[in-house]
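Values in this document were obtained by computation on a predicted structure and should not be read as measured data. Positions are given from 1 along the sequence.
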Amino acid sequence: MGLLNKIEKPLFVVNPEANERRALKRWKQIEYLLNRYNFEYDREFTKTRKEAVELIKHDEKHRKIIMVGGDGTADAGVEGIMQNDSEKILGVIPTGIANDISKTFDIYSNPDKLCYNISNGGVKEVDVGEVNGKYFLGFASLGFDAMILKERNRRRFLKGKLAYYTGGLRAFSKYTSKKMTIKVNGKEINKNVFLMVISNIKHYAAGMKIAPYAEPDDGLLDLCLIHGESNLGIVLRNLSLVYSGKHINNPETYYCQLKQLEVLSEEPVLWEVNGEIVGEDTYFKFNLANKRIKMLVQNEDL
């Protein structure tokens, strides 16, 4: 981990729609801090993920890119940097709902230190996952939780955690486990999959420790697979333990670390990347991307 000694003008990429537009209020607080310290910066508001990706992909002016939004916004920053040939350093300020990526990379937990962290924070080089051509810094998943997101998004009049919980109830009434063939670490296994998460970080879904051994710089991805028939028991047995990471000891949980994974489903299965629905597919190939990225983290000396 090195230190940034040179003071540079960073680019803040703000998603004002994140967290039902609460991100815009947070940005105004951040803006006040930056201006109070006469901190020089550039700022761009983006309306869509695609707009954020394209902005960063073609940026030639800034070395440090600070994403202000949720996990989807952070991942848009990753995707843009992966497609940019110049050296970039990515920072994350959480203003979303789950903010799982920022639990590992957060330069805003002490707002008064924000300007110092941007100018002099540590830099950590980390892995990036890839699935079917899409990059992820945090996680990707197949199955039940993707269905929850789909159901949540269908009821726009519900907000926050209420939308997520009601989406979970509707998803449970509709979702059935999918028969899948999984090739991992030289083995081929067949499972009736309820939920599959491939993660580069410990947390997902607003703090669940789905992959308790995941480290973003260890050269590995972590697979957490919950298998068996869709029923209330499988949900209750794992939900009560997933916040501590002890769910991996349950008999219906398969957990391992890997560099590459192939999944073939007998029928189309819904999938998502860091809280963003991608669609339905029957074949998935997961691996580590051939390029790592540099993340801005808090200075350990603070």
Full working for side chain to side chain contact (heavy atoms under 4.5 Å, CB included) between Val92 and Asn99: CA-CA 10 Å; Val92 176; Asn99 300 318; over 6 Å; no
Val78 and Phe136: CA distance, side-chain angles, deciding distance, side chain to side chain contact (heavy atoms under 4.5 Å, CB included) verdict: CA-CA 7 Å; Val78 173; Phe136 61 93; over 6 Å; no
Worked check of salt bridge (Lys or Arg N to Asp or Glu O under 4.0 Å) between Glu79 and Arg49: CA-CA 10 Å; Glu79 187 173 344; Arg49 175 190 174 89; 2.8 Å; yes
Side chain to side chain contact (heavy atoms under 4.5 Å, CB included) evaluation trace for Thr104 with Met295: CA-CA 10 Å; Thr104 302; Met295 294 296 299; over 6 Å; no
Audit row: Glu60, Ser86, side-chain hydrogen bond (donor to acceptor under 3.5 Å, both in side chains) steps and yes/no: CA-CA 7 Å; Glu60 298 179 353; Ser86 61; over 6 Å; no
From CA spacing to verdict: side chain to side chain contact (heavy atoms under 4.5 Å, CB included), Glu266, Lys178: CA-CA 7 Å; Glu266 289 190 1; Lys178 312 296 184 185; over 6 Å; no
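Open room surrounds OH on Tyr32; 12 or fewer heavy atoms of other groups in view lie less than 6.0 Å from it. Within 6.0 Å of CD on Glu40 lie no more than 12 heavy atoms contributed by other residues, nucleotides or ligands. Heavy-atom neighbours of Lys25 NZ from other residues, nucleotides or ligands within 6.0 Å: at or below the threshold of 12. Residue Asn290 places its CG atom among 12 or fewer non-hydrogen atoms of other residues, nucleotides or ligands, all under 6.0 Å distant. Surrounding OH of Tyr41 are more than 12 heavy atoms belonging to other residues, nucleotides or ligands, all under 6.0 Å away.
What you find for Ala140 and Val131 is that their closest heavy atoms are CB-CG1, 4.1 Å. Summarising the geometry of Gly228 relative to Phe194, their closest heavy-atom pair is O-CB, 4.2 Å, with the distance given to 0.1 Å. Closest non-hydrogen pair, Ser141 versus Asp145, comes out as OG-OD2, 2.7 Å. Of all the heavy atoms in Ser102 and Pro94, the pair that sits closest is OG-CB, 3.2 Å. Closest heavy-atom contact between Gly80 and Ile56: C-CG2, 3.7 Å. Residues Ala146 and Leu270 share a closest heavy-atom pair of O-CD2, 3.4 Å.
By the 4.5 Å heavy-atom criterion applied to side chains, Lys9 and Asp42 are counted as neighbours. Side chains of Cys224 and His247 form a contact here, defined as non-hydrogen atoms less than 4.5 Å apart. You'll find the side chain of Thr95 stays beyond 4.5 Å of the side chain of Trp27, heavy atoms only. Between Ile293 and Met82 there is a side-chain heavy-atom pair separated by less than 4.5 Å. Leu221 has its side chain out of reach of Leu261: every pair of non-hydrogen atoms, C-beta onward, lies at least 4.5 Å apart. Between Ile201 and Leu137 the shortest side-chain heavy-atom distance does not fall below 4.5 Å. Looking at His203 and Lys209, their side chains come closer than 4.5 Å, going by heavy atoms from C-beta outward. Between Glu51 and Glu54, the closest side-chain pair of non-hydrogen atoms is not below 4.5 Å.
Of the candidates Asp127, Asp217, Asp218, Asp127 is the only one forming a salt bridge (charged side-chain N to carboxylate O under 4.0 Å, His left out) with Arg292. Val193 pairs with exactly one of Ile226, Val269, Ile182 by the side chain to side chain contact (heavy atoms under 4.5 Å, CB included) rule, that one being Ile182.
One hydrophobic cluster, built from ILVMFWY side chains closer than 4.5 Å, holds both Ile30 and Leu296. A continuous path of ILVMFWY side-chain contacts below 4.5 Å connects Val184 to Leu288, so both sit in one hydrophobic cluster. Both Phe39 and Leu33 are members of a single hydrophobic cluster when ILVMFWY side chains are connected at heavy-atom separations under 4.5 Å. Cluster membership for Ile101 and Val53, using ILVMFWY side-chain heavy atoms within less than 4.5 angstrom, is not shared. Linking ILVMFWY side-chain heavy atoms closer than 4.5 Å, directly or via other members, places Met180 and Leu258 in a single hydrophobic cluster.
Counted by atom type alone, Glu262 and Tyr283 present one or more donor-acceptor pairs between their side chains at under 3.5 Å. Side-chain atoms of Tyr116 and Asn110 include no donor-acceptor pair closer than 3.5 Å. At a cut-off of 3.5 Å, with distance as the only test, a side-chain donor of Tyr255 or Asp222 sits close to an acceptor on the other residue. Side chain to side chain, Asn192 and Ser177 fail the donor-acceptor criterion of an N or O pair below 3.5 Å. If you check the side chains of His62 and Asp59, you find a donor sitting under 3.5 Å from an acceptor.
Ion pair Arg36/Asp112 flagged as a salt bridge, since at least one NZ, NE, NH1 or NH2 atom sits closer than 4.0 Å to an Asp/Glu carboxylate oxygen. Salt bridge status for Asp75 with Lys134: absent, with no side-chain N to carboxylate O gap under 4.0 Å. Here Glu215 pairs with Lys202 in a salt bridge; the nearest charged N to carboxylate O distance falls below 4.0 Å. Between Lys179 and Glu267 there is no salt bridge, since none of the side-chain N atoms of the basic residue sits less than 4.0 Å from a carboxylate O of the acidic one. Salt bridge Glu87/Lys294: present, at least one basic N to carboxylate O contact under 4.0 Å.
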